Each structure stands twice: as C-alpha cells, then as structure tokens.
Number of protein chains: 2
Amino acid sequence: MKASRFLVSTLKEAPSDAEITSHRLMTRAGMIKRLAGGIYNYMPMGLRVIRRIENIIREEMNRAGAIELLMPVVQPAELWVESGRWEQYGPELLRIKDRHGRDFILQPTSEEVITDIARQEIRSYRQMPKNFYHIQTKFRDERRPRFGVMRGREFTMKDAYSFDRDRESALRSYQAMFDAYCRVFDRMGLVYRPVAADTGAIGGSASHEFQVIADTGEDAIAWCPDSGYAANVELAEALPLIESRAAAAQPLEKVATPGKERCEDVAELLGLPLDRTVKSIVLAVDRHEPVKDGKEDLGGKPRIVATEIWLLLVRGDHDLNEVKAGKVEGLAGFRFATAAEIAEHFGCEPGYLGPIGTAKPVRLVADRTVANMSDFVCGANDVGFHYTGANWDRDLLPALAERGEQLLVADIRNVVEGDPSPDGKGRLVIQRGIEVGHVFYLGTKYSSALNAAFIDDDGKSKLMEMGCYGIGVTRLLGAAIEQNHDERGIVWPRGIAPFEVVICPLGYAKSAAVREAADALYAELLEAGVDVLLDDRDERPGVMFADWELIGVPVRVTVGERGLKEGQVEVLRRRGMEMEAVAVGEAGAAVRGVLAGC
Amino acid sequence: MKASRFLVSTLKEAPSDAEITSHRLMTRAGMIKRLAGGIYNYMPMGLRVIRRIENIIREEMNRAGAIELLMPVVQPAELWVESGRWEQYGPELLRIKDRHGRDFILQPTSEEVITDIARQEIRSYRQMPKNFYHIQTKFRDERRPRFGVMRGREFTMKDAYSFDRDRESALRSYQAMFDAYCRVFDRMGLVYRPVAADTGAIGGSASHEFQVIADTGEDAIAWCPDSGYAANVELAEALPLIESRAAAAQPLEKVATPGKERCEDVAELLGLPLDRTVKSIVLAVDRHEPVKDGKEDLGGKPRIVATEIWLLLVRGDHDLNEVKAGKVEGLAGFRFATAAEIAEHFGCEPGYLGPIGTAKPVRLVADRTVANMSDFVCGANDVGFHYTGANWDRDLLPALAERGEQLLVADIRNVVEGDPSPDGKGRLVIQRGIEVGHVFYLGTKYSSALNAAFIDDDGKSKLMEMGCYGIGVTRLLGAAIEQNHDERGIVWPRGIAPFEVVICPLGYAKSAAVREAADALYAELLEAGVDVLLDDRDERPGVMFADWELIGVPVRVTVGERGLKEGQVEVLRRRGMEMEAVAVGEAGAAVRGVLAGC
C-alpha cells in the first residue's frame, strides 16, 4: 500500500471526551471517528486492525470445528418474548417498531435466533455436536457509553453457540472453545488471563472470562502466581482469615466516637488496627405476591407484600461483594435499604450501625472472617457511639438463639491482595483486566425456553445442552492499545498491526536515489509477503516519524540521502525504539528479522 | 471441508411465500432461512457465496484505488436532517429512538455520514481524488418485502463514495468505478448489461445500472444489438415512429363504440389496426402556496392553492412512461387525476376521453409519434362514442391557438421491441434485468447540503464533486440464481460457488477402497488450492446427488466400488450435467480441467 492511495490522518489533540489512553490514541491515530455517543466510524487505519482480528478469530473458530453463518442485526420480538428476555433485559436492549408497528430489537447477542435455527435444523443426536458462530454488528444502548470502543453502543462481536446431546459433550465443546480462545489471544500477541467468572444474567453453571491485563481495566482479577488460580474478583473465593474464634478477652464497652462514621476513622480514634473493626451494610429484600397462572402482568410490576431487612458484616478493611451477597439464600434480588428502613430497624443513622441491640430484629449474615473475630469494634446503634470488645458468643448469639435463629456465615467479601488462594497453594495478587472474551456453559436455559429438543439414541426427546462464546472484536482494538503503548503512541503487536512495516523515504519527490531505494525495498518486501506501507506523501521527516510512532507500526525503515551515501538505511523497532543502520542490500532481510521478533 | 463438519441442510419443499425461482432454490438448498418478513439468516452454505462475492468486490474496489472503512448501521438523525433526507425519505427509512429519546435511523445508504467524514478529512485539492467504500448491513423498511433476498429489508450492500475537485475529475472517478463494476460482474461469471439509468431521487446527472439479465427481472432494459446502446426502459429515448404528419384524408366522424373502453376493443370494433388509435391519460398537478422563509412547516403539508389538469396522448399500442412524464415542464410531481376531476374537465367517464371538445380547457401533451399521426381514432368525451378521422391541423390545433396555447410534444412513452435505437444504428430489443449495481454522478447535491468544501489551487473554497456507487451483495445471490439454474436446482458460476468441487463417495463408511480413493482425491485437490467438499455423511447416493444438484456445486466426483473396480471415478459438470468416467490416477487433473471450463 502506498500512503497516497490510503488515508493517513492523525490529530495533534485528542477529543475532550476521550478519558482513557486507547480512546485518545485511536482517535489521534485516525483509527476511529466519533459519529454519535458510543457510535464510531471505523476509519481505514482502524478497519485494517479489525480485519486482522476478525481473520485470526475466524481461522481459529474454523479450526475448532465451528461453522460460520450470519444472523440479522434486526430481530423480531417474538423470539425474545419466548425466551423471556424481552421483559428481563433492561433499556440496553434497543426495542424498535417497524412501519407496521411490529416490535423488533437490535441484537445485543443472538441466543434466541440461534436456538430457533437449531430447533429447526437439529433433530437427531447424530447431528451433534454443532457449533455455529457469526461476526456481526451488535447494539447495546448503554446509558453512558464511554471509553471509546471499550463501552460503545454499536460494536462488532464474534458470538458462537454450541449444541450438544449431553452435559459431558457440552463441556468438551466448552473446552474446545476455551482452547481456541487461548490460541486467538496468543496469536494477537496479547498478555491475557482466562479467569473463572460469575455466570450472571445469562445463566449457566461454568464460565470463564478472558481478561487482557491492563492497569486501566474495569475488572479486578484475583490471580495466584504459585498455583495459576485466576478468577474475577466477583467470583474469587475468600477464605476465612482467622481459623477459629478466640474466647472473649475484653468486656463489651460503648465508647464515644463522635463524627467517626467510617471504620478507618474509628480505628484511628481508638488506636486500633483496622482489622479489629467490623463494617455494617444494610440490605432489603422485597417479597412480591405470587404470580398468577405462571404469567406476569406485563403492564406493571407485581405488588410488594413484605420487605425483609438484612444486616451484613464484613471486616473494616474488606469490601462487600455484591455478586456473592446475591447468592446468599434469601438475598437474591436484594437492594440497599432506604434511610427510613434503616431508621426503623436500627433506631440510628448510618455510620454507627451494628448487630448488637437493633431496634427491630434483622436477618444477620457474617462474612467468614468476621464470624471468627473476637473482641471486635462495631457500631452501637446510637449516633456518635461504637462498641469495643464485641464477641459473638457473649454478645450476639444468645439474642439470635432467643429468636430461634442461627447466624448465617458466608463468603460475602471481595478478596484482597495477599489473601490465601482458594486452592490453598499460595497468596493472591490483584490485577486489573479488560474482558475481551467470555465462554459460558449454558445448560438448557435457552433450549428449554424455546423447546429446542432432539431425539437421542434411546429414542427419547431431550433438550439440547448449549454453550455460548463471545469475543469483543472492536473492544479488542482498545484493549490491545491499553496494553501496548508508550508516550509516543501505540505499539501494535505484529499480529494485529494495521501494517507490519512502514518505509519512510526522506525526500521521495526530490531525490531519485531515495525514491529508487525506497521503491526497491517496497517491492522486495511486498514480494516476500510483508504487509508494508510506503509513505510517499513527501511530508517532512518530523511529521512522518511522529505519525508512524503514533500509529504504532512495528517496524519503520528510513531511507535518506545521507544514509544512502554510506550505503545504509535505518531500521527502527517501534517497541523500545531500537534503531540500527543496515546495508541497503540487506535491508529486506534485516526488516524481516526485526519483524520476526515483534 | 468435510460435510460432517459443515451444515448441509436441504428441503424437499420450498416455503409457500417463495414466489420466484431463486427464493425457492436458496431456501431449499439451505442458503437462507427466514427470520421475519424480509429478514433472513444467512446459513453456512449461503454465507460462503456471500463471502466470495464480497471478496471479489473488495479486490476490485482496492484495485481501483478505493479505500475501505466501516460506517455504522445506526446513524444519528442530525446529519439526515442536514441533508434534507430525514423529511424526504419515505417510511422505508426506519427511524428509531434511543433510550434517551434521541432520533436515529438504520442506514439504507451512507451519503450523509461519508460526506460528514469528507468535510472533516479533506481540506485541500491535493487530497483528492478520494474514494471510500464499505460493505455493511443496510435496512430498508419495505412495505411488502418479497422475492427473498431480492427485495429484503435487511441486506448487505457495498457502497462507495468518490470526492473530486471538479466535474472532469469526478467523471474520471465515475468511469473508474464503472470499469471496476464490469470486472466484478465478469469475475462472478454473470451475464449482465450496464444500462443508462434515471437518476431518480438520489439526484445527479449521470447514472448507470448494472443489470443481470434474467426473465424474472423487475426492470425492463432497451438494448440495441447492432450498436450496443442500452438503457433502462424508464430512460430509453423513444424516437417518433412517423416522420412527418400527413394531410387529413378522412372527415372527423363520431362513431358509436358502446362498452369499448380500451383502444384494443375500439380498434377491433372498427376493424382498424391498434396503431391508428390514441390513448388518453389524465394527470393532475397541484400547486402549493409558496414556502415561507425557505422553511417548510414540518407539522403538515403546504396548502394546495391550484390544480392543473393535463391530458397526455400516446398511441394505442404504447404505454405512458411516468418517469419521462415527470420530466415534462410543468408536470413535476404529477398524480393521476381523480374521477371527479375527470368528470369536471371532460364531462365524461374514462374510456371515452379525448382531446377534442373537452368540457373545460386542459393542458395537452402529445407523444412524439402521436404528434405526427393523422386520421386517428380517439375518445369523443361522450360515453359510448369515439372519433375517427381525427387530425391535428383541422380538429385540434385551432382550438389550442384560440386559447393562446401551443401543443407540447414530448417523449412520454416506453420504448417497445423493434423501436429504432435512439443512436440511429438499429432496432431495440427489450430484455428483463435485475439491478445489482448502480453508479451515480452526484455533483454537489450532498456536498452543498452539508457544506463539504475544500481549498482549490487558486486558494478559493469550492464544493467537492461527488459520486456514489452501490452493489447489492445479498441481492446478487438471488440474481445469480435467477440466471443460473435448471430443473434440478442452482448452477453456480465457479467464481461465486459455495464450493468448487464436491466428492461423493458411495459407501464411505463401509468400503475401505472408496474411503481411501475419496480421501486421496480430497487431499490432492485441497493441496492444489481447489475449494473442495468431501461428502462424508454416508447418505444414500440418490440423496447425495439430489442435494448437490440442488445446491449447484460446479463439479461433482462420484467415487464408488463399481467404478473403482475398473479403476475409474465419475466426473460430472453440473452445467449441462455432462458426465465422464476418468481413471482414478487422473481424477485430480480431470477435475481441474472441467473446473477451468466452469
């Protein structure tokens, strides 16, 4: 490619709404151009990267036996009503009406459509396993799209869906996709980690996220370097940090802590370490009247008939993990309690709440570590006061027993750096990651909703076992840049660079020697199958160099009169900005050598 | 590819809504699957054809110097308001609202967005010519989607847009695209014709359609085999069939023609040839009150202040061409007159209308041929009566002259088979075609609306000259099939076939000899770069043969025990169903030989 036949379009300044590095660099490098909030034009330079990403994905999907098809962007509401997601999905699902007033959606994923295809196409166990994928435009109407392509509204995703006759086979399909994803991200030259993940709203029972490691990632990952254990912090199990409860050594004392609402402040005031304090979090769970005839009244929400108030306790230096809290029996669908509910049940304002002597009985959940603490500090349910020397056996359990209740102990906190790995083989490190892929074992969630059944070898009709597998194609663009950049710009891994090599002739129009040497090298590299761009724009050297350092092409060759006089050209490796002078005649081989190491 | 790793899914019956051959065959061959009206899943077999089509287009666009990018499916209304199309476009433009109530559209084309990009990117004449294209999902909310992918709602289109500094350069860009389109359709193995076309609603002043010739096409094409002239019938010029007006030879006579409302019936009753009769068509043109301040009241339509009634005359054996009629001065925006308007101006019902003695004056337009007729038959504006022996000079022009009017003579009819070619070099043939591509010279229609200007070499700001160029990717699937099928199914041209060769082993599971021979041939063809499928499904021969004849793979190789005993396999050329037995050892070479002729 010659630059004169392409669009090289860089900007000195990033747009003001670009909050993160990748968004700034992609925009400045002319890879994307904003059209509307969360909606981008993929400019020629950016599209080349996308196509490389897509090709790697396609090759690895095909290699793993997945079959490509293409499902529409606009999908009829009926299938989404059938699966229940028409109602369950929030406003991120863009619902539209056609000219006849019929309901459609812009697809955020395609579980419904592929299950509809499978229930028509697959009739016998002999036709499975089958895995279908497509690479298609998706739409999620994010309330606040941000971070460029990382959380856009229109984006490209590869989604695959496997269909198997039983769980065992489905888990083999899952593993095949897991392995394919590793190959995909390896080939892209990314540092990533597959981590155990929560199955969330899509459901199912096994799930891994593929996280590109980057400080700016939205996700926190718990990783054990000794054992290789890795999980999203949402899921990573927190072991109790105290093995067993010690006997009470202190009396329960109510101490004045005026204006000290945070554990940190209380600990400082009392001269105690933070890990002697306990944090109180009040949740509420609304119970609704039973749904009649198995159908919800879609015109409104079911009526609330009762609300339970729960108090959750985590150690002062720990944070509540809401995903884990939602899995505690009775806490599904919880919300944070209102100020009025707190006042009614605790007779106190937040900041001084605690488990001892609440105004009304509340359900109590202690984190595993809290359950083994003794002589701890907690709020006294009296504004400006905390208790010290609180102890379970003496101060809490008797009141519970009186009400006929037992203390619920559960893992409800986030793991923190230094926690023991749940596999018992070392200590956890916390890293930030960007989720670029996700594999789910779905079981029969969709096949049962849409009645996707087949005849098994015993002649019986059974539901297909499904898995779904996504890769965020356009998000990968951003994730790769978050991981691969320096102060000059992007540093593309070779596998997904827009071009592998750029030739920068100094004085292409003026100097016949420069032009001939540049053209010859260009022809030689093209011939050798290298994806090379010749920058024939005849810009000043400073402009050319800054452009290509910003755009991040892995190898740059500078051809100038001064060097040619000594029979040399300069070869620069973008990562590390290592420059070497090589003989003109060996330039092609030298470039390929440097490229091989990129 | 092995069939066991793919989805071969054929149907015996076509769906009841499939009206045309391509829709029936594509559905039966498992290439598409309906999801909603005009919205299809592209199944694995169909997607392979689409990818081949896309790759040919991409290669030829790149070769012609066009630059690929990707513009979004969901586009903000603002740009469409700016161009005026938000108001002008009918309900085919799907208008949607996001969660914040902001207006968006699903793109049917991308003139607005690319012009917005160009006005940001192109500042100097030095940056032009530039041509950008994308291959992207489009949506047109057709009132009655039909004919499968031929007139769907969601479809894939390649659209390119050129930007030039002046008209001369723009016409070179236009020609480059015209030539690229010829290469695209040549490589696809299609019989097509570029035809001069009307510029319609998109505007501009030069336009060609690329029509795939097929009896089922929606378009009529006038073509002159002697000169190569070709134009859409909408546009093709109709020369006068009579050179000059003869003097009146008959008196004007009012004759009874009860119940004879059509020219054909009147001619039969009177024992005259049809080309002695003249057909009357009544049109109306509403004049609106002037728009204030250059802005339309978008809440309603401007008020009608006057309506003109026009009478158009074409020979009895000719048809009115509405596109041409709309170009007659004063007839822009015409509609057909209502029964009340006809009664008021003619004092008569349709069927007996004519130019002589209307109840009220009407504007008169004669087709070029009608203007030179003499002694002709026309309605007498009296139910049950026609005139014979009507003559312009005696019976019509004096009345016109009295009102101070002149007869308007214009080309307002469709050309018919046998008409002289407008280039004077032969006679026209009428063919049916399917429009698969369209090139438009747009001029400054969009660049003026969106103010896409650049600085020319004289230092002045000028508007960019634009062209737009579309190819209907998914429609090509249907068009190719309409042109290439027989009673057994599809007959793919090699360039866009889903597979080039299929190997059908008879008894793949049972016979080691068959399996070994089939596997060896498969490996040999793969090695040679042939896109081959091995049908290892172990279906009965009849099922396999019927499947592949329906799907239309160009070359089939049958490997059976009986043939192998004589050292032979059978090679079948799908087009023409020509079969030959070849020696096993020469099968690879024989297949490639047959393929080269496909």
Side-chain angles (χ1 to χ4, degrees), chain A residues 1 5-7 9 30 33 35-48 50-51 62 65-76 78-79 90-92 94-100 102 104 106 113-114 116-117 120-121 127 130 132 134 136-137 139 141-143 153-154 156, chain B residues 1 5-7 9 30 33 35-48 50-51 62 65-76 78-79 90-92 94-100 102 104 106 113-114 116-117 120-121 127 130 132 134 136-137 139 141-143 153-154 156:
Chain A
M1 180 66 74
R5 305 245 302 180
F6 196 67
L7 185 76
S9 173
K33 187 183 281 295
L35 179 60
I39 300 179
Y40 293 89
N41 292 300
Y42 293 96
M43 299 299 285
M45 194 70 77
L47 185 61
R48 287 183 74 91
I50 290 175
R51 293 282 183 248
N62 294 348
I67 306 169
E68 189 174 7
L69 45 61
L70 190 65
M71 294 175 277
V73 175
V74 177
Q75 303 184 347
E78 285 79 359
L79 286 174
E92 287 76 24
L94 191 62
R95 295 158 172 93
I96 60 181
K97 280 187 191 295
D98 74 359
R99 65 189 290 170
H100 301 297
R102 281 190 287 258
F104 288 83
L106 294 193
V113 173
I114 197 70
D116 180 51
I117 290 173
Q120 295 174 64
E121 291 292 333
Q127 291 171 274
K130 274 277 183 292
F132 298 106
H134 70 164
Q136 177 64 301
T137 302
F139 200 90
D141 201 3
E142 297 278 352
R143 191 174 62 82
R153 294 202 285 174
E154 181 169 325
T156 303
Chain B
M1 180 67 73
R5 305 245 300 179
F6 196 65
L7 185 76
S9 173
K33 187 182 281 295
L35 180 59
I39 301 179
Y40 293 89
N41 292 300
Y42 294 96
M43 301 298 286
M45 193 70 77
L47 185 63
R48 286 182 75 92
I50 290 175
R51 293 282 183 246
N62 294 347
I67 306 169
E68 188 173 8
L69 45 60
L70 190 66
M71 294 175 276
V73 175
V74 176
Q75 302 183 348
E78 286 80 359
L79 287 173
E92 287 76 25
L94 190 62
R95 295 158 172 92
I96 60 180
K97 282 189 189 293
D98 75 358
R99 64 188 291 170
H100 300 299
R102 282 190 288 258
F104 288 82
L106 293 193
V113 173
I114 197 70
D116 180 50
I117 289 174
Q120 296 175 66
E121 290 293 332
Q127 291 171 273
K130 274 279 182 291
F132 298 105
H134 70 164
Q136 177 63 301
T137 302
F139 200 90
D141 202 3
E142 297 278 352
R143 193 174 61 80
R153 295 201 286 176
E154 181 169 327
T156 303

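Scope of the values below: all heavy atoms of this structure, side chains included, with no hydrogens, waters or symmetry mates. We name chains A, B, ... by the order of the sequence lines, and we start the count at 1 in each one. Note that the coordinates shown come from a computational prediction; the quantities given were computed from them, not determined experimentally.
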* Please flag which part of B/I50 lies under 4.5 Å from any non-hydrogen atom of chain A: side chain, backbone, both or neither. => neither

* Are B/E121 and A/K33 within salt-bridge range, i.e. N to O under 4.0 Å? -> yes

* Asked: Which one, B/R95, B/E78, B/R51, leads in non-hydrogen pairs under 4.5 Å with chain A?
  -> B/R51

* To do: Under 4.5 Å, counting heavy-atom pairs only, tell me which of B/Y42, B/F104, B/F6, B/Y40 racks up the most with chain A.
  => B/Y42

* Side chain, backbone, both or neither: which part of B/Q127 has a heavy atom under 4.5 Å from chain A? -> neither

* Which distance, rounded to the nearest 0.5 Å, do you find between the CG of B/L70 and the OG1 of A/T137? -> 6.5 Å

* Name the member of B/N62, B/L79, B/V113, B/V73 that forms the most heavy-atom pairs with chain A at distances under 4.5 Å. => B/V73

* Asked: Non-hydrogen atoms of chain A under 4.5 Å away: do they reach the side chain of B/F139, the backbone, both or neither?
  -> side chain

* Structure fact -> Scored by heavy-atom pairs under 4.5 Å with chain B, the best of A/Q120, A/Q75, A/K97 is A/Q120

* Flag the one option from B/L7, B/V74, B/L106 with the top tally of heavy-atom pairs under 4.5 Å to chain A. => B/V74

* Asked: Taking A/E154, A/H134, A/M71 one by one, which has the highest count of heavy-atom pairs under 4.5 Å against chain B?
  -> A/E154

* To do: Would you mind checking if B/R99 and A/E92 are paired as a salt bridge, meaning a charged N to carboxylate O distance below 4.0 Å?
  => yes

* Asked: In terms of heavy-atom pairs under 4.5 Å, which option from A/L35, A/D116, A/L94, A/I117 contacts chain B the most?
  -> A/L35

* Asked: Which bit of A/L47 comes within less than 4.5 Å of chain B, counting heavy atoms only: side chain, backbone, both or neither?
  -> side chain

* So what's closer than 4.5 Å to chain B heavy atoms on A/I67: side chain, backbone, both or neither? -> side chain

* Top residue by heavy-atom pair count (under 4.5 Å) with chain B, among A/M43, A/R143, A/H100? -> A/R143

* Structure fact -> Comparing A/A36, A/P72, A/P76 against chain B, the one with the most heavy-atom pairs below 4.5 Å turns out to be A/P72

* Asked: Which one, A/K130, A/R102, A/E68, leads in non-hydrogen pairs under 4.5 Å with chain B?
  -> A/E68

* Structure fact -> Residue from B/G46, B/P44, B/A66 scoring the most non-hydrogen pairs under 4.5 Å with chain A is B/P44

